[in-house]
Structures are given as structure tokens and as C-alpha cells.
Amino acid sequence: MELKDYMKLPYTRMIQEINEEDKHYYYGKILELDGCQSTGETIEELYESLNEAMEGYIEIKLEQGYDIPLPIKENDFSGKFVIRLPKSLHQRLALEAQKEGISLNQYALYKLAK
């Protein structure tokens with residue numbers, strides 16, 4: 001694939017509004033492209049500079065012969081993962097879920113979504 005092909009792909013952009021003491025700006029990064037990030041004073045400026053950063057990132061990777069990650073698709077995920085917990089934490093969460101009258105799965109989802 002060529003640079004223009006990669007630039008058309010639906011990469012995941014994470015945008016964050018930053019308010020510091022006397023500064024206000026937007027920060028963005030391309031989640032699949034490690035280190036590909038930029039800032040802008042407006043959303044429009046951020047998108048423009050983020051696209052420039054992405055173009056430069058991909059261009060360098062292509063020149064150096066590195067693989068370029070493709071965008072992650074939502075259907076690449078099942079919505080399920082397994083996590084190991086200390087028995088004491090498992091017990092506490094199960095008791096809290098029971099107290100709320102919901103399943104442990106629902107309670108864990110509620111806690112993770114906070």
C-alpha cells in the first residue's frame with residue numbers, strides 16, 4: 001500500500017480538550033500509530049495538524065520498510081475478556097453485587113464504566 005491508501009483508512013482518533021492555567025487547546029493522537037500525536041488551538045486546527053503528523057509518520061515508516069498497523073475495527077473484539085483477581089477482591093465484588101441485587105458481571109461493568 002502507498003501513503004495515500006493509508007491516509008484514507010479509518011484510524012481511531014482520540015481527541016481531548018485541555019484547559020491548563022492560562023492555556024486552552026486540543027490534543028489528539030492516532031491510537032493505532034504509536035507516537036502519532038499533535039495539538040491545535042481549535043478542533044479544525046487539531047485535525048489538520050494530526051493529519052500532517054499521520055502523513056509524516058506513515059511516510060517515514062514506509063521509507064524505512066516498517067510495517068504500519070491497520071485500523072482496529074470494532075468487530076475485532078468479542079466484548080469478552082478474562083481477568084484474574086485475588087480471592088479477597090473477587091469475594092468483595094461478589095458481595096457488593098449481591099447487595100445491589102445485580103450479577104457480578106453487571107457490577108463489574110458498572111465499575112469499569114465509571
Side-chain angles (χ1 to χ4, degrees):
M1 266 196 323
E2 296 180 19
L3 174 62
K4 63 180 172 118
D5 300 317
Y6 283 104
M7 292 301 292
K8 292 178 185 176
L9 295 176
Y11 283 99
T12 309
R13 289 168 167 78
M14 186 193 83
I15 308 299
Q16 183 177 8
E17 185 174 11
I18 307 292
N19 287 303
E20 294 178 344
E21 297 169 10
D22 60 341
K23 293 181 183 178
H24 175 264
Y25 61 97
Y26 295 90
Y27 165 79
K29 65 181 179 178
I30 307 295
L31 294 181
E32 296 90 345
L33 306 177
D34 189 37
C36 187
Q37 57 193 356
S38 192
T39 60
E41 291 185 21
T42 65
I43 293 281
E44 294 78 16
E45 187 179 298
L46 171 64
Y47 269 88
E48 186 177 317
S49 64
L50 195 53
N51 283 339
E52 289 173 11
M54 187 171 137
E55 188 173 330
Y57 177 97
I58 293 170
E59 194 170 52
I60 289 169
K61 293 292 184 183
L62 287 171
E63 287 172 5
Q64 296 177 354
Y66 289 110
D67 289 334
I68 299 167
L70 295 174
I72 297 172
K73 298 175 189 153
E74 188 174 313
N75 58 357
D76 289 343
F77 300 92
S78 67
K80 178 182 175 181
F81 72 98
V82 176
I83 183 170
R84 300 222 182 265
L85 306 171
K87 290 179 182 180
S88 59
L89 179 57
H90 186 180
Q91 178 185 21
R92 190 183 92 211
L93 291 171
L95 291 172
E96 289 174 10
Q98 184 179 22
K99 187 174 163 183
E100 294 293 325
I102 59 177
S103 71
L104 177 57
N105 189 64
Q106 286 176 311
Y107 190 69
L109 182 60
Y110 164 75
K111 288 293 207 178
L112 287 170
K114 282 178 121 183

Side chain to side chain contact (heavy atoms under 4.5 Å, CB included) assessment of Leu33 paired with Met54: CA-CA 8 Å; Leu33 306 177; Met54 187 171 137; 3.9 Å; yes
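- In this structure Tyr57 satisfies the ring-ring contact (aromatic ring centres under 6.0 Å, His included) test with no other residue, sequence neighbours excluded.
- Under a hydrophobic clustering in which Ile, Leu, Val, Met, Phe, Trp and Tyr are joined whenever their side-chain heavy atoms come within less than 4.5 Å, directly or via other members, Ile102 and Leu89 fall into the same cluster.
- Remark: Asp5 CG is packed, more than 12 non-hydrogen atoms of other residues, nucleotides or ligands lying under 6.0 Å away.
- Taking hydrophobic clusters as Ile, Leu, Val, Met, Phe, Trp and Tyr residues chained together by side-chain heavy-atom distances below 4.5 Å, Met14 does not share a cluster with Leu50.
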Worked check of side chain to side chain contact (heavy atoms under 4.5 Å, CB included) between Lys87 and Gln91: CA-CA 6 Å; Lys87 290 179 182 180; Gln91 178 185 21; over 6 Å; no
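- Applying the side chain to side chain contact (heavy atoms under 4.5 Å, CB included) test between Met1 and each of Leu9, Ile68, Ile58 identifies Leu9 as the sole match.
- Note: the hydrophobic cluster containing Phe81 also contains Leu104 (ILVMFWY, side chain heavy atoms under 4.5 Å, direct or indirect links).
- Residues satisfying the side chain to side chain contact (heavy atoms under 4.5 Å, CB included) test with Ile43, not counting sequence neighbours, are Ile15, Tyr26, Tyr47.
- Within the model, atoms CD1 of Ile72 and OH of Tyr11 stand 10.0 Å from one another, a figure rounded to the nearest 0.5 Å.
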Audit row: Tyr27, Leu46, side chain to side chain contact (heavy atoms under 4.5 Å, CB included) steps and yes/no: CA-CA 7 Å; Tyr27 165 79; Leu46 171 64; 5.9 Å; no
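- The cluster map of Ile, Leu, Val, Met, Phe, Trp and Tyr, joined by side-chain heavy atoms under 4.5 Å apart, puts Leu31 and Ile18 in the same cluster.
- Residue Asn19 qualifies as enclosed at atom CG: its count of foreign heavy atoms under 6.0 Å is above 12.
- Side-chain contact check for Gln16 versus Lys29: every heavy-atom pair is 4.5 Å or farther apart.
- Atom CD of Glu59 and atom CD of Glu52 lie 12.0 Å apart (nearest 0.5 Å).
- Residues Asn51 and Arg13 meet the side-chain proximity criterion, which asks for heavy atoms closer than 4.5 Å.
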Verdict with reasoning, Glu32 to Thr12, per side chain to side chain contact (heavy atoms under 4.5 Å, CB included): CA-CA 7 Å; Glu32 296 90 345; Thr12 309; 2.7 Å; yes
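- Glu45 CD: more than 12 foreign heavy atoms inside a 6.0 Å radius.
- The 12-atom threshold is not exceeded at CD of Glu48, counting heavy atoms of other residues, nucleotides or ligands nearer than 6.0 Å.
- Atom NE2 of His90 and atom CZ of Arg92 lie 12.5 Å apart (nearest 0.5 Å).
- The environment of CD in Glu96 is crowded: more than 12 heavy-atom neighbours from other residues, nucleotides or ligands sit within 6.0 Å.
- A pairwise comparison of heavy atoms in Pro71 and Pro10 identifies CB-O, 3.4 Å as the closest pair.
- Side-chain polar atoms of Tyr107 and Glu100 form no donor-acceptor pair below 3.5 angstrom.
- When the side chains of ILVMFWY residues are joined at heavy-atom separations under 4.5 Å, either directly or via intervening members, Leu93 and Ile83 end up in a single hydrophobic cluster.
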